[in-house]
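Labels below follow one simple rule: chain letters A, B, ... track the order of the sequence lines, proteins then strands, and each chain is numbered from 1.
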Amino acid sequence: MIEKNLKNFNIAQICNSGQCFRMTQISENTYSIIANDKYLELTQVENVCTFSCNEEELENFWKQYFDLDTDYMVYINQINPKDTYLISAAELGAGIRILQQDLWEMIVSFLISQQNNIVRIRRCIQNICEKYGERKVNFKGEIYYAFPKPEALAGLDEDALKECNLGYRSKYVVRTAGCFANGQTSLQQISQMNYPEAREELLKLFGVGEKVADCICLFALHHLQAFPIDTHIKQALEKHYKKGFPKRRYRGFEGVLQQYIFYYELVKG
DNA sequence: CGCCAGGGGAGCT
DNA sequence: AGCTCCCCTGGC
């Protein structure tokens with residue numbers, strides 16, 4: 001157990017910000033998080049966060065996962081004071097972090113996300129993990145499942161994942177898994193590319209369009225200039241930024257602001 | 001039962 | 001860039 005005093009960190013907001021699908025509230029102040037093959041429980045009371053792992057794992061994994069070394073006030077303080085909408089959004093979601101999640105897991109998660117709602121996306125991913133992921137035991141002796149590697153999904157019948165509730169998205173996942181399993185595309189290479197290169201490479205994948213590519217760039221590769229535009233963001237931009245969102249002003253961290261807007265619309269809307 | 005929406009995308013023009 | 005159509009599940 002490690003205790004940390006964290007500013008601009010709110011696990012509840014992170015959990016509900018729609019960027020991660022394997023994070024669950026398990027009691028009033030405690031959340032469970034499964035990432036890669038790791039299981040964590042995090043309890044937050046005010047600014048005090050208690051991590052269930054040891055110091056080494058916190059330093060080597062979760063610190064990067066939660067982006068703990070970044071001061072998000074640096075982003076928030078650059079918001080135009082006259083932009084009352086964005087100021088309000090950032091104020092409400094000030095505890096959000098842009099997570100650095102597993103690339104393959106994000107590719108699959110956002111392939112599934114299209115024409116889908118968050119509750120179902122979570123269930124789809126849970127189903128896939130239970131059926132094809134490695135079975136693990138957490139520190140409490142409970143069973144959880146790691147996210148299956150591409151190799152575990154490649155070669156399946158293209159409709160096999162309909163059993164996991166993916167519907168017509170099944171073939172997107174199976175075919176994409178094949179591309180990585182047979183070496184046609186490389187997760188390692190994509191993770192080393194800059195934003196435009198990575199985006200272009202991701203767009204080649206079957207089932208990946210601009211919105212999904214940007215979500216992957218933002219939530220896995222930590223390219224903060226990615227600005228995913230889904231139906232909700234589109235509506236918000238049309239309403240509050242008739243002349244267009246001032247991307248130039250916020251060059252390099254547009255994605256952080258996108259998350260504040262997304263969360264604001266999710267909570268308020 | 002029909003209808004439609006839920007964090008788009010492919011395949012056209 | 002803009003337009004169809006695609007196509008799965010759950011809620012009403």
- Item | Distance test, side-chain N/O of A:T231 to OP1/OP2 of B:dG6, below 4.0 Å | no

- With the threshold set at 4.0 Å, does a side-chain nitrogen-carboxylate oxygen contact exist between A:E210 and A:R199? yes

- Query: NZ of A:K211 versus P of B:dA10: gap in Å, rounded?
  - Reply: 13 Å

- Message: Whole angstroms only, please: what is the CZ-P distance between A:R169 and B:dG8?
- Response: 10 Å

- Message: On the nucleotide B:dG8, are OP1 or OP2 found under 4.0 Å from the side-chain N or O atoms that A:Q115 carries?
- Response: yes

- Query: Starting at NZ of A:K171 and ending at C1' of B:dG8, how long is that distance when rounded to a whole Å?
  - Reply: 13 Å

- A:Q259 versus A:F219: any side-chain heavy-atom pair under 4.5 Å? yes

- Are A:F21 and A:F110 near enough that their ring centres are under 6.0 Å apart? yes

- Is atom CD of A:E163 surrounded by more than 12 heavy atoms (other residues, nucleotides or ligands) closer than 6.0 Å? no

- Query: In which ranges does DNA chain B form stems of 3 or more consecutive Watson-Crick or G-U pairs, distances under 3.5 Å?
  - Reply: B:2-6 with C:8-12, B:8-13 with C:1-6

- Do A:Q188 and A:S186 have side-chain atoms, one donor and one acceptor, less than 3.5 Å apart? no

- Is A:Q19 touching bases, backbone alone, or none of the nucleic acid, heavy atoms closer than 4.0 Å? base

- Task: Could you tell me whether A:L205 contacts a base, only the sugar-phosphate backbone, or nothing, with contacts defined as non-hydrogen atoms closer than 4.0 Å?
- Result: sugar-phosphate

- Atom-pair distance (CD1 on A:I229; P on C:dG2), nearest Å: 13 Å

- What's the CD1-P distance between A:I112 and B:dG6, to the nearest Å? 19 Å

- d(CZ, A:R122; P, B:dG6) in whole Å: 18 Å

- Task: Answer with base, sugar-phosphate or nothing: what part of the nucleic acid does A:Y172 contact at a heavy-atom distance below 4.0 Å?
- Result: nothing

- Sugar-phosphate, base or nothing in reach of A:I118, heavy atoms under 4.0 Å: base

- In whole angstroms, the gap separating P of C:dC7 from CD of A:E158 amounts to 13 Å

- Has A:E91 got more than 12 heavy atoms of other residues, nucleotides or ligands less than 6.0 Å from its CD? no

- Message: Are A:E265 and A:H240 packed together at the side-chain level, in the sense that at least one heavy-atom pair is separated by less than 4.5 angstrom?
- Response: yes

- Query: Does the pair A:L40 and A:Y65 meet the rule for a side-chain contact (heavy atoms from CB on, under 4.5 Å), with working shown?
  - Reply: CA-CA 12 Å; A:L40 178 77; A:Y65 179 87; over 6 Å; no

- Query: When the distance from CG of A:L161 to C1' of C:dC7 is rounded to whole Å, what number comes out?
  - Reply: 16 Å

- Are side-chain heavy atoms of A:I33 and A:F66 found at a separation under 4.5 Å? yes

Distances under 3.5 Å only, N/O to N/O: pair up the protein atoms with those of nucleotides 10-12 of chain C.
residue, atom, partner, partner atom, Å
C:dG10, OP1, A:R123, NH2, 3.1

- Take A:H232 and A:L203, find for each the nucleotide of DNA chain B with the closest heavy atom, and name the residue whose nucleotide sits nearer the 5' end. A:H232

- Any salt bridge between A:K234 and A:E238, counting N to O under 4.0 Å? yes

